[in-house]
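To start, the structure itself, in structure tokens.
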Amino acid sequence: MLAGRILRNAIRLVGLGSLVLHHSPITTAHVIKSHHSRPSTTGREVIRLDMGWRFWHSFENPDGITYNQLKAYILPSGNDFIANPSDRHRLPGSAPNVTAKYADNKFDDSNWKTVRVPHDWAIEGPFYVGEDVPVKGGMGRLPVQGVGWYRRKITVEPDDANKQIYLDIDGAMSYAMVWLNGKLLGGWPYGYNSFRLDLSPYLVAGKDNQLAIRLDNPTSSSRWYPGGGLYRNVWLTKVDKTHVGQWGTYITTQATSSSSATINLVVSVENKAATAKDVHISTDVFKLDPETENIGTKVASFPRATITVSSGQSVRSNSSTLVENPQFWGVWPSQEPNMYVAVTKLYASENGTVIDTYETRFGIRTFTLDSDKGLLVNGVPVRIQGVNQHHDLGAIGAAFNVRAAERQLEILREMGVNAVRMSHNPPAPELLDMLDRKGFLVMDEIFDSWELSKNPNDFHLIFQDWHEADLRAFLRRDRNHPSIYLWSVGNEVGEQQTNAAGTAVARSLINIAHDEEPTRLVTSGMNSAKSNMPFPSVFDVISLNYQGEGIRDTPAYSHLPGITTPPAYSSFKSAFPKKLIHSSETASSLSSRGIYYFPVTSEISAPVNNTSGGNSNTKQVSAYNLYTADFGASPDRVFIAQDQHPFVAGEFVWTGFDYIGEPTPYYSSRSSYFGIVDLAGFPKDRYYLYQSRWRPDVRVAHILPHWTWPDRLGKVTPVHVFSSADEAELFLNGESQGRLVRKTSSYRFRWDKVVYAPGELHVITYKHGEVWAKNTVQTAGKAAGLSLSVDRSSIRADGEDLAYITVKVVDGKGLVVPHATDNITFDVSSAGELVATDNGDPTDFTAFPSKQRKAFSGLALVIVRAKTGERGPISITASGVNLEAARATVQAS
Ligand code: GAL
């Protein structure tokens, strides 16, 4: 049985009601109701292959198969994305000389694990601890390496015999090779790209067909946690032999005035039938509600066209239409993310039946990348308040989950984020959909390395063979997303430093991007290319990593080895006066949530080390948010540089959330210290520093540190406050510590001489002389109990939706106990299941699915889902030794 039938790219017409579509000159008219009662005439079926997979993993190479051995059979899978016909790959004439026993139809996989896809084989751990281990801190100390096999039956109905059937994989980590009924179909090595394989040649209709996918993850292949397996969605697409091709629509818009916009559409029709076909094409444009995803009223139609497609060919049809009074897609909150959907239908010319229906979501908007004014969206300047995000979703790993991604965006939005850089690889398609619908800007990025390696087994090994196919596939997949304002073809590549040679590689990638998708500009993140070098000169947009604010160039960093770079915005502006300049990475500020070390530096930015902000025994970094990686800068220093150079369009902070791997500066840990938000999704203090800058309207006065320091009686314990106010007065136990006026280039209020005494810290802030925001922090008593709070009280019983429950260790008065590390045990009632627990501690090696988790700085997190189809209350209990237990309820419906 095929489980999980849902539609994607097909008609998602819930809420369309009984809209009647008239197709002149074709006389048929039909009523489209909803996807539950879809008429079969729509022609396209997209089935999600989430259930029913058997999985097996080995740390060795269990079958001796290698990519290089089968490369000649895999390379042709990229042919649709190679422009020059003579560069395309020929499939060898004979079958591969390997025995792929796990791909054999007769292989008995009944002992293999049953898994649901998306699936990340490594996330359950256990973590590798210590130094002599196969996967170290950089890649997250989880068992990502080795070979994984996924097997599943595909049942194809007898009446599908005349259809074209594709397998669409949104991402498989990595070196995917796919067999059907024992025959190798092809594959795709780069784990972050989406790809399609044609199942038709080997599929037997009316029977069970055996699909087998082999993935191979090398060690030393990534600078962060890649995850492993079929970690994104997999789809079966059934279409007529003559159909809209893969990512076969391309919509561009020109807003000619505020009362009218021109929409240009290219439809690529592919004909896999044995004879030439005549097809009529119609496309209607509807409003799309970005929140409900319901389709609304029809606003335009493209002129109908008739084309002839020869057997085995693909033909493009171009047309344009006008949308009157367009509702523009814009960046939230100053604009609304209005969207449209174009529904394209193909009709067989002989009888007028609909043979394919294909849906393309898009937005009408203009981006102007202005060298002086920054980014203009629909003519209005929008400052880029961005964060970098890696693809992992914390404790649930790389396996894409809609709710986990949505929660991240909600937390980031609340802070004032309006832009996300996809560092440094193509994201899940659903994430881009979500970013469109929520009105975020996206810098969409594909590579972290080109020909030159950063790790022995990274992308450089396949760059020559795959860069064009990967880049064109990425651009073709993502080009209709209104949120994407910029393509990035690389990040900090070694080619920055190789002058003519590296610049030539850059130019070839830029040329591919311009050729494939001419409407957007192209950039690459640059940390070492200087304004007088050839490398930056070929890019349309200057994206600087750390150089804008300067690298190691202030006294606090002067003792460090490494290149010193003075603040570089001005030199890039002089060299490239016509190009937009922004920072693709800033800060690399480090902190552990709720951890504070003393003394506190008097600088506004300092490198972390054992005597300043860090502790190589505890492997934590002080959260005063003044401490950085050697090449980094505190948020405050970045703000100064940005404010002194108003032509700079904004920044992407490294990073929004902590991520698995890259635990600079303590590589014996599991996860990063860079996030503004920790791995569990709990904001660090720095969150409120960005919020006060990016959302100055929010009445916030955030105090740090906490005020429970039994060992600091009588000791200097600096107090800092983050607020958009212009004055602030701090009181300790009622006694003023001074009223401070915010100075130019100062982004925090700091009272660095406060002497600790238990009790109460109270701050009153003022704006324009009026009270703006107040806050109080009190000394907590002994841990007495637990308190639970749920992010949503009701979730869907679909086995995927998630509830995130925050656990606080509290004292008798309900105050969070900031040093608490109590071990908490979770119990989830039978309608639900515990997915993972976490606490945001980069040093915690308890496996993520554990039912027990220590609190970190007083907090822990439990992630729960409902079992599929089990509706009703799920109760979650948290208990600990000498702590009053707590219970929360989530309704599954
Ligand atoms: C940058 C790099 C990022 C990340 C960051 C950590 O140089 O582009 O991927 O490694 O440093 O600070």
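For ligands, and for the atoms within them, numbers begin at 1 and follow the listed sequence. A quick note: this is a predicted structure, and the numbers were derived from the prediction, not measured.
Distance from atom 7 (O) of ligand 1 to its nearest protein heavy atom, with residue and atom name: E492 OE1, 2.5 Å. Taking atom 6 (C) of ligand 1 as the reference point, the nearest protein heavy-atom neighbour is F674 CZ, 3.3 Å. Protein heavy atom at the shortest distance from atom 8 (O) of ligand 1 is E585 OE2, 2.7 Å.
Every heavy atom of T664 sits 4.0 Å or more from the atoms of ligand 1.
In terms of polar-atom proximity, E662 is counted as a contact of ligand 1, with an N or O under 3.5 Å from an N or O of the ligand. Considering backbone and side-chain N/O atoms, R223 comes within less than 3.5 Å of an N/O atom of ligand 1. Residue-to-ligand polar distances keep Y659 apart from ligand 1: every N/O pair is separated by 3.5 Å or more. Here's the thing with D448: none of its N/O atoms is less than 3.5 angstrom from an N/O atom of ligand 1.
Under the 4.5 Å side-chain criterion, counting only non-hydrogen atoms from C-beta, R750 is in contact with I604. Looking only at side-chain heavy atoms (C-beta outward), D685 and Y596 come within less than 4.5 Å of each other.
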Walk me through whether F127 and F845 qualify under ring pair (Phe, Tyr, Trp, His ring centres under 6.0 Å).
CA-CA 6 Å; F127 284 101; F845 290 121; 5.7 Å; yes
Check the pair S591, N625 against side-chain hydrogen bond (donor to acceptor under 3.5 Å, both in side chains), reporting the backbone distance first and the verdict last.
CA-CA 6 Å; S591 54; N625 298 294; 3.2 Å; yes
Run the numbers on Y569 and Q642 for side-chain hydrogen bond (donor to acceptor under 3.5 Å, both in side chains), then give the verdict.
CA-CA 9 Å; Y569 286 136; Q642 294 246 323; 3.0 Å; yes
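Under 4.0 Å from ligand 1, the heavy atoms of S588 that appear belong solely to its side chain. The proximity of W224 to ligand 1, defined as any non-hydrogen pair under 4.0 Å, does not occur for either the backbone or the side chain. Neither the backbone nor the side chain of N527 comes within contact range of ligand 1; no heavy atom lies under 4.0 Å.
Classified by interplanar angle (parallel below 30°, tilted 30° to 60°, perpendicular above 60°), the ring pair F367/Y485 is perpendicular. Classified by interplanar angle (parallel below 30°, tilted 30° to 60°, perpendicular above 60°), the ring pair H424/W654 is parallel. Between F535 and W450, the ring planes lie tilted relative to each other; the angle falls in the 30° to 60° range.
Proximity to N545 (heavy-atom distance under 4.0 Å) selects the following atoms of ligand 1: 8 (O). Of all the atoms in ligand 1, the ones that sit under 4.0 Å from a non-hydrogen atom of Y546 are 1 (C), 5 (C), 7 (O), 11 (O), 12 (O). Remark: ligand 1 atoms within the under-4.0 Å shell around heavy atoms of H424 are 3 (C), 8 (O), 9 (O). Short contacts between ligand 1 and N491, defined as distances under 4.0 Å to a heavy atom of the residue, involve ligand atoms 2 (C), 8 (O), 9 (O).
Proximity of the aromatic rings of F639 and Y690 is defined here by a centroid distance below 6.0 angstrom, and this criterion is met. Ring pair F474/W487: centre-to-centre distance below 6.0 Å.
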